[in-house]
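These figures come from a predicted structure and were not determined experimentally. A note on names: the letters A, B, ... follow the listed sequences, proteins ahead of strands, and every chain is numbered from 1.
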Protein chains: 2
Amino acid sequence: MARPRIKDVARHAGVSEKTVSNVINDYAHVSDRTRTVVRASIEQLGYRVNLAGRHLRKGRTGIIALVVPELDIPYFAELARHVIREAEKCSLTVLIHQSGADRAHELAALAGFGSTFVDGIILSPLALTADDLRDRAGFPPTVLLGELLEEGADHVAIDNERAAREATRHLISLGRRTVLAVGGIDAPGLGTAEARTRGYRAALAEAGIAHDPAALVPVDSFRMPAGARAVARVLRDGVRFDALLCLNDQLALGALRTLYEHGVRVPEDVAVIGFDDVEGGRFSVPTLSTVAPDKAAVAKVAVQLLRRRIEEATDPDGAEPDSTNPDGGDPEGARDGADPDAGRDGVVDGAGPGVQSPQDRIVAHRLVLRESTEGHEGR
Amino acid sequence: MARPRIKDVARHAGVSEKTVSNVINDYAHVSDRTRTVVRASIEQLGYRVNLAGRHLRKGRTGIIALVVPELDIPYFAELARHVIREAEKCSLTVLIHQSGADRAHELAALAGFGSTFVDGIILSPLALTADDLRDRAGFPPTVLLGELLEEGADHVAIDNERAAREATRHLISLGRRTVLAVGGIDAPGLGTAEARTRGYRAALAEAGIAHDPAALVPVDSFRMPAGARAVARVLRDGVRFDALLCLNDQLALGALRTLYEHGVRVPEDVAVIGFDDVEGGRFSVPTLSTVAPDKAAVAKVAVQLLRRRIEEATDPDGAEPDSTNPDGGDPEGARDGADPDAGRDGVVDGAGPGVQSPQDRIVAHRLVLRESTEGHEGR
DNA sequence: GCTTGTTTTTACATCGATGTACATTGGCTG
DNA sequence: CAGCCAATGTACATCGATGTAAAAACAAGC
């Protein structure tokens with residue numbers, strides 16, 4: 001027997017289709033009696049609303065896409081988990097896509113997967129360029145995670161440059177003088193790796209340590225095997241170093257393993273810091289010092305921001321005069337970026353009144369110190 | 001400017017809406033000239049089909065749901081990655097849900113998320129009971145991952161009982177006599193943990209080792225902290241043991257950490273085996289021996305099976321006479337379960353001709369031996 | 001040129017839910 | 001009890017794409 005339609009419920013309850021619809025949507029002016037009867041019929045027939053019809057009519061699906069490079073990099077998995085939880089709170093469903101750090105995939109994601117059925121997109125880009133983000137009229141609202149790629153896009157991130165500077169500073173304060181940056185990249189680019197490398201170099205400069213180009217250890221991915229290989233290569237090449245700043249925890253965990261295999265003691269011989277604070281680093285041997293971004297806050301801010309954009313896009317007449325408290329509660333974890341008045345130049349961009357200028361939201365991070373820098377204390 | 005509709009393309013190209021639709025859907029009888037003109041218009045206007053309309057008309061969305069307990073348990077993340085890849089091949093989109101091992105969430109997932117817009121569901125259940133799976137008429141086709149919960153449902157899994165038996169046997173063959181099962185549960189249930197525990201006990205029995213109920217170490221989750229706590233508890237209680245069979249790698253990694261903290265040598269004092277073969281276990285100190293399920297095969301078989309079910313459900317008249325080669329290529333990794341004729345009792349269940357009886361697909365696994373059982377060789 | 005048969009194209013109804021605009025009901029006031 | 005307002009309920013059009021059936025265009029054969 002086919003799934004019941006709203007029509008069937010209406011017949012069963014002896015009311016019109018619209019009334020059933022009203023009950024489903026919690027429309028105010030429905031008598032309690034009618035509501036009860038309709039509810040009972042819905043229950044009895046096992047009716048469930050058909051999203052296709054609703055979407056067609058309403059123009060919204062309630063689905064947002066989260067696009068990450070690889071789902072099995074724990075940082076992204078943990079982030080996804082938070083995003084899903086957060087989205088659930090506003091009854092949004094999350095569709096996860098893997099871009100494989102592939103520009104084509106990321107572009108496809110930006111385009112809304114060749115069709116139209118996500119209300120918005122949260123994208124953690126690796127291979128996109130600023131150009132790709134221009135001229136997004138007609139595409140779903142998008143919030144970027146990670147470093148700012150282009151001035152015109154909303155984005156949410158920790159202050160990667162500062163975080164890397166703090167981490168490197170800490171290594172230096174421990175007396176380390178030759179800090180390698182695993183995954184570091186010396187480019188003017190705007191990506192996360194670039195920002196972290198800048199912070200790293202800034203800290204070295206501060207301490208009056210000359211920068212050695214060989215201190216940037218390239219990697220071909222941001223996973224454990226790459227970290228392990230990179231450190232193996234460095235060791236084989238006879239490079240001397242007493243600290244590693246690994247641009248994420250996966251690289252760091254791979255590095256730890258290689259150091260162990262080569263009998264290099266951590267942190268006595270080499271101190272190691274990673275980024276992301278994934279669970280694996282809290283249980284590794286030795287445990288891993290790391291820069292911990294407030295992932296829950298990243299997810300929260302991203303989802304909320306996207307939600308507001310979606311609302312603006314759907315109904316662009318929203319008055320939005322009360323700029324004091326944008327979305328009723330935007331508590332812990334997030335503070336606005338350097339530019340407190342949110343609008344660039346204090347001027348709202350050309351478009352309609354409802355369209356706000358892009359926002360850069362900086363989320364908190366903290367340096368978590370564990371055995372890989374501080375040593376094995378409690379034993 | 002609003003996104004163009006098929007109507008706009010039709011007007012622009014000077015043809016009817018249906019002709020545009022025909023071009024989009026590669027309908028055979030469209031003249032080359034018309035096709036070219038329409039394609040050009042589509043390109044020019046930047047038209048993209050609206051999924052809502054198509055779905056409404058066609059009754060399919062091309063979206064399948066993958067429901068896992070927690071996305072940030074690496075096994076599920078890795079599995080999700082494979083499922084997404086596999087689904088992509090048949091141009092299906094995957095929607096991921098986290099159940100949080102919560103029965104209510106799992107039930108909601110089974111119901112198609114209270115609405116209807118997934119064509120099918122791949123569910124990795126933790127808290128469901130057989131009853132929940134009965135009477136699924138009118139719900140989307142569902143494939144279960146992990147142990148068989150109910151006779152009537154399709155499912156894909158490794159032979160968990162055998163795998164656990166093999167792993168335990170190996171520990172015994174290394175001379176270990178007191179093997180604890182971390183996460184083991186002594187229940188008649190049908191879940192994965194139950195099956196693995198059965199295999200564990202079978203191996204002990206085989207070797208003539210008496211079963212000690214205290215050898216089953218309970219956990220409150222299947223993550224590293226739980227594994228670490230469980231082992232800490234056992235050590236504190238003064239239980240003596242020389243091997244740990246951890247029911248997944250996360251527990252094992254947590255266990256390794258605690259053993260390390262207590263100065264227990266692995267594998268000299270205690271050998272450790274996990275399940276799942278996650279990346280973290282290949283880089284831990286020591287590296288982790290594990291039961292490696294063929295995740296790619298699990299994903300492949302699950303997606304293909306689901307796809308077939310969806311087709312059956314959509315168009316139940318499919319002849320399906322050629323049972324020799326069900327779906328044109330079902331290559332590596334999967335072999336049918338104990339019952340080679342696929343149908344239970346060789347009899348097709350009551351329903352229509354197109355509906356096939358449930359399938360149990362057993363996927364290959366292998367025991368991967370690393371340092372945590374074999375010792376540190378290459379050093 | 002006209003019939004016949006085949007492509008190609010079109011008009012229209014349809015999928016399911018909901019917004020609009022109007023009809024109805026009931027309750028309350030004077 | 002008439003009159004009015006608000007609360008409820010209904011009929012119908014609509015969202016966008018596509019299946020159906022039939023019309024229009026075209027080709028071939030006599």
Rounded to the nearest 0.5 Å, what's the gap from CZ on Arg361(B) to CD on Gln304(B)? Could you check?
-> 9.0 Å
Rounded distance [0.5 Å steps], NE2 in His155(B) versus CD1 in Ile122(B) | 14.0 Å
Lys18(B) or Ala52(B), whichever maps to the more 5' nucleotide of DNA chain D | Ala52(B)
OP1 or OP2 of [N] versus the side-chain N and O atoms of [X]: is any pair under 4.0 Å?
X        : N       : answer
Ser31(B) : dT9(C)  : yes
Thr19(B) : dT10(C) : yes
Arg57(B) : dT14(C) : no
Arg54(B) : dT18(D) : yes
Tyr27(B) : dA17(D) : no
Asn22(B) : dT8(C)  : no

Send over the distance from [X] [atom1] to [N] [atom2], rounded to a whole Å.
X        : N       : atom1 : atom2 : result
Asp32(A) : dA7(D)  : CG    : P     : 14 Å
Arg48(A) : dA17(C) : CZ    : P     : 11 Å
Arg33(B) : dA25(D) : CZ    : P     : 13 Å
Glu17(B) : dG16(D) : CD    : C1'   : 9 Å
Ile24(B) : dG16(D) : CD1   : C1'   : 11 Å
Leu56(B) : dG16(C) : CG    : C1'   : 5 Å
Lys58(A) : dT20(C) : NZ    : P     : 12 Å
Arg11(B) : dA17(D) : CZ    : C1'   : 16 Å

Side chain of [X] only, please: which of [options] is the nearest?
X        : options                   : result
Tyr47(B) : dA17(D), dG19(D), dT10(C) : dA17(D)
Val15(A) : dT10(D), dT9(C), dT18(D)  : dT10(D)
Asn50(A) : dT9(C), dG16(C), dG19(D)  : dG16(C)
His29(A) : dC15(D), dT18(D), dA7(D)  : dA7(D)
Thr34(B) : dG16(C), dT9(C), dG9(D)   : dT9(C)

With side chains defined as the heavy atoms from C-beta onward, is the minimum distance between Thr19(A) and Tyr27(A) less than 4.5 Å?
-> no
Is there a salt bridge (Lys or Arg N to Asp or Glu O under 4.0 Å) between Arg39(B) and Asp26(B) once you walk through the steps?
-> CA-CA 11 Å; Arg39(B) 287 250 170 79; Asp26(B) 281 324; 3.5 Å; yes
Side chain to side chain contact (heavy atoms under 4.5 Å, CB included) between Lys18(B) and Val23(B): does it pass, once the steps are laid out?
-> CA-CA 9 Å; Lys18(B) 186 67 220 292; Val23(B) 170; over 6 Å; no
